[in-house]
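I have placed the structure first, in the form of structure tokens, so that the comments after it can refer back to it.
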Amino acid sequence: MSIVSDNILLSVKGLEVEISTNKGPVFPVRDVSFSVKKGENVCLVGESGCGKSVTALSLLGLLSSPPFNLRSGKIVFEGVDLMDLTPGQLCSIRGKKIAMIFQEPMTALNPVFTIGDQISEAITIHIKLSKRQVRERVIELLRQVGMPAPEERITTYPHQLSGGLRQRAMIAMSLACQPELLIADEPTTALDVTIQAQILELLNRLREQHDLGLLFITHNLGVVAQIAHRVIIMYAGKIVEEALIDDLFDNPLHPYTKGLLDSVPYGIPSDSKRLISIPGTVPALDSIPSGCAFQDRCPRAMDICKKIEPEDLRLENNRRVSCHLFK
């Protein structure tokens, strides 16, 4: 992987997202802080329901209000707090400087417009080009993402493409205005392993070619091992561990991180015949236990875990962990 620069593109500090419900407010994102540097691939990892996608959508102001409310925190992109911007000002950044690849392209793409029309829309909004130049730009983008016969594909509709080609079209759309930060929300989840590997290789190549900052959201640590520079582990709306990729795989600190690693095939002990799973499930937003949210699933839980929520502990080599075991 290429050397990551020291330029911080995105800095999120103390982000808290609230959802209004009939039973009162719940918090899918709680005091989340992290950063993404130029040219860096940061992977945000956790099970479904941990708050990963809500965090990503909040960065671009894509959460509907109500019921969502950005209660507190800062989302600073290139020195500007996005939470202070008007909707119009945010729209000038969304798609142009920060782009997003959504989890399921079949629902993210409009079924009644061609692939070419949908990619050209972002170009037309943010860049002043002639129709011929826009068409050439769309064809070139499709070629960059490995779309076969791009001159023909611009007239096809989403349902006429395979899952892998739809995902390539989504990536082309996200790159239309040459963004500086790309957010990818589980872009390989619905793809078979061969296509998944191609998409990961494509994203990594594009990151290196364009010096993109990449925030990659996934629950698959096998994917993380292939592409990440730095990993952030999220559980029940909070970050519980952060580390460089090699440090995390060599020495996971939080019991949840260790459980995730033990539950993937390459983490199986040699004398075991089956995968090791984490007992239980992620708690519902309205029933997160007091103290440590992971306490009822943790094999090393102590009395203090039930009473006091652990604080972030900063360690050497830019590591951090939120666990009473390291107090």
Side-chain angles (χ1 to χ4, degrees), residues 9 36 38-39 41 56-57 59-60 62 91-192 194-218 223 226-227:
L9 279 175
V36 181
K38 192 173 184 179
N41 189 337
L57 292 171
L59 302 180
L60 287 175
L62 293 176
C91 280
S92 68
I93 292 176
R94 186 191 303 137
K96 184 177 181 181
K97 292 190 173 185
I98 306 176
M100 186 166 181
I101 304 170
F102 294 94
Q103 186 172 140
E104 177 45 64
M106 197 58 193
T107 55
L109 293 170
N110 193 318
V112 301
F113 291 100
T114 66
I115 294 300
D117 286 339
Q118 295 185 64
I119 298 174
S120 63
E121 181 181 12
I123 302 172
T124 304
I125 291 173
H126 294 292
I127 306 173
K128 293 182 179 180
L129 296 175
S130 66
K131 288 185 178 180
R132 180 182 61 82
Q133 290 174 319
V134 170
R135 186 178 186 276
E136 290 175 352
R137 172 68 177 154
V138 172
I139 292 172
E140 177 56 29
L141 284 165
L142 291 174
R143 185 176 290 112
Q144 284 183 22
V145 299
M147 182 78 75
E151 295 84 356
E152 300 173 13
R153 298 294 182 182
I154 61 174
T155 60
T156 60
Y157 291 86
H159 72 274
Q160 296 175 303
L161 300 176
S162 66
L165 292 183
R166 283 196 294 267
Q167 196 60 277
R168 291 176 188 271
M170 279 290 299
I171 295 171
M173 189 184 305
S174 68
L175 296 172
C177 298
Q178 298 180 327
E180 298 171 43
L181 176 66
L182 182 60
I183 302 170
D185 187 5
E186 303 209 35
T188 62
T189 297
L191 305 177
D192 62 56
T194 303
I195 302 301
Q196 181 184 90
Q198 293 174 3
I199 296 298
L200 292 176
E201 190 279 331
L202 170 62
L203 287 173
N204 211 35
R205 174 167 52 82
L206 292 171
R207 178 192 57 77
E208 291 180 341
Q209 288 178 348
H210 302 285
D211 206 20
L212 280 170
L214 180 60
L215 178 61
F216 193 100
I217 298 167
T218 183
V223 169
Q226 298 178 56
I227 63 172

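For reference, positions follow the sequence shown, starting with 1. For clarity, every value in this text was computed on a predicted model and none was experimentally measured.
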Student check: side-chain heavy atoms of [X] and [Y] closer than 4.5 Å:
X: Pro148; Y: Arg153; result: yes
X: Ile119; Y: Leu142; result: yes
X: Glu201; Y: Arg205; result: yes

For the atom pair [atom1] ([X]) and [atom2] ([Y]), what is the distance rounded to the nearest 0.5 Å?
X: Asn204; Y: Gln209; atom1: CG; atom2: CD; answer: 10.5 Å
X: Ile183; Y: Phe216; atom1: CD1; atom2: CZ; answer: 13.0 Å
X: Gln144; Y: Ile171; atom1: CD; atom2: CD1; answer: 11.5 Å
X: Asn41; Y: Leu214; atom1: CG; atom2: CG; answer: 4.0 Å
X: Leu141; Y: Ile154; atom1: CG; atom2: CD1; answer: 11.5 Å
X: Arg135; Y: Leu129; atom1: CZ; atom2: CG; answer: 14.5 Å

Contact summary for [X] and [Y], nearest pair of heavy atoms:
X: Phe113; Y: Pro158; answer: O-CD, 3.5 Å
X: Ala99; Y: Pro179; answer: CB-CG, 3.9 Å
X: Ala176; Y: Ile127; answer: O-CD1, 4.4 Å
X: Gly164; Y: Ile199; answer: O-CD1, 4.3 Å
X: Met100; Y: Leu62; answer: SD-CD1, 4.4 Å

Checking side-chain contact (heavy atoms from CB on, under 4.5 Å) between [X] and each of [options], which is the one that passes?
X: Leu59; options: Ile98, Leu215, Leu181, Val36; result: Leu215
X: Leu109; options: Met173, Gln167, His159; result: Met173
X: Pro187; options: Leu203, Leu182, Leu200, Ile217; result: Leu203

Any donor-acceptor pair under 3.5 Å from [X] side chain to [Y] backbone:
X: His126; Y: Arg94; value: yes
X: Gln118; Y: Asn110; value: yes
X: Arg168; Y: Met147; value: no

Carboxylate-amine/guanidinium contact Glu140 Arg143, below 4.0 Å: yes
Glu121 atom CD: more than 12 heavy-atom contacts under 6.0 Å: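 Open: at most 12 neighbouring heavy atoms sit under 6.0 Å from CD of Glu121.
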Atom CD of Gln160: over 12 foreign heavy atoms under 6.0 Å: yes
Counterpart residues, side-chain hydrogen bond (donor to acceptor under 3.5 Å, both in side chains), relative to Asp117 (two or more places apart): Thr114
